[in-house]
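One structure is given below, encoded as structure tokens.
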Amino acid sequence: QVQLVESGGGLVQTGGSLVLACVASGSFLSINDIAWYRQTPGEEREVVATATRGGARNVVDSLKGRFTISRDNVKKTVRLQMNNLKPEDTGTYYCSASVTGRDWNRSIVWGQGTQVTVSS
């Protein structure tokens, strides 16, 4: 069983920065694509950034220049660096990964989420 645990959320003022981390643990063969999503009350969960196992990194256009995703396959960690935060960045941030289990089956795993609140 695979677990994803996010950390790094909190309360920050407009213009501030946060670094979110997502660490994978458990028994699995590999972690494939990993993504950060965010969700605000009443809205659908939206993708923020993705990192493939092969090294591709992508941040949605609206957040490019402020958000950066990085991944450490050895440490089984993906981070989301968020700079120049704005009140509209407020939400719950989730980590999600495509994981290949020891039975060679793929599954999507979600973390529990970490809250980011940006005050104006």
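The model shown is predicted, which means the values in this text are computed figures rather than measured ones.
Residues Arg71 and Ile31 meet the side-chain proximity criterion, which asks for heavy atoms closer than 4.5 Å. Using a 4.5 Å heavy-atom cutoff, the side chains of Val59 and Thr68 are not in contact. With contacts defined as side-chain heavy-atom distances shorter than 4.5 Å, the pair Leu63/Val48 qualifies.
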Review item, side-chain donor-acceptor pairs of residues 8-29, under 3.5 Å, at least two apart:
from, atom 1, to, atom 2, distance (Å)
Thr14, OG1, Ser119, O, 2.7
Ser17, OG, Asn83, OD1, 3.0
Ser27, OG, Arg102, NE, 2.6

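Remark: side-chain polar atoms of Asn32 are paired, donor with acceptor, to backbone N or O of Ser98 under 3.5 angstrom. Under the 3.5 Å distance criterion, the side-chain polar atoms of Arg57 are matched with a main-chain donor or acceptor of Thr52. Under a 3.5 Å cut-off, the side chain of Glu6 and the backbone N or O of Gln112 do form a donor-acceptor pair.
Contact detail for Gln115 and Thr92: the closest heavy-atom pair is OE1-OG1, 2.9 Å. Nearest heavy-atom pair across Ala35 and Thr50 is CB-CG2, 3.7 Å. Heavy-atom minimum distance, Glu43 versus Gln39: O-NE2, 3.1 Å. Val109 and Val99 make their closest contact through CG2-CG2, 4.0 Å (heavy atoms, listed as atom of the first residue, atom of the second, distance). In this structure, Val78 and Cys95 approach most closely via the heavy-atom pair CG1-SG, 4.0 Å.
Legend: residues meeting salt bridge (Lys or Arg N to Asp or Glu O under 4.0 Å) with Asp103, ordered by chain and number and at least two apart, are absent. Evaluation of the side chain to side chain donor-acceptor pair (under 3.5 Å) rule for Thr114 yields no partner, not counting sequence neighbours.
For the ring pair (Phe, Tyr, Trp, His ring centres under 6.0 Å) condition, no pair includes a residue of residues 87-109, sequence neighbours left out. Judged as a ring pair (Phe, Tyr, Trp, His ring centres under 6.0 Å), the pairs with a partner in residues 35-54 (not counting sequence neighbours) are, in order, Tyr37-Trp110. Within the structure, no pair that satisfies the disulfide (SG to SG under 2.5 Å) test touches residues 26-67, not counting sequence neighbours.
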Met82/Arg66 under side chain to side chain contact (heavy atoms under 4.5 Å, CB included): CA gap, chis, key distance, verdict: CA-CA 6 Å; Met82 306 186 295; Arg66 297 196 298 122; over 6 Å; no

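A continuous path of ILVMFWY side-chain contacts below 4.5 Å connects Val116 to Val60, so both sit in one hydrophobic cluster.
Ser96 OG to Arg45 CZ: the interatomic distance, rounded to the nearest 0.5 Å, is 8.5 Å.
Few gaps surround CD on Glu88; more than 12 heavy atoms of other groups in view lie less than 6.0 Å from it. For Lys75, the NZ atom counts as loosely surrounded, since its 6.0 Å shell holds 12 or fewer non-hydrogen atoms of other residues, nucleotides or ligands.
Using a cutoff of 4.0 Å between basic side-chain nitrogens and carboxylate oxygens, Asp89 and Lys86 are not scored as salt-bridged.
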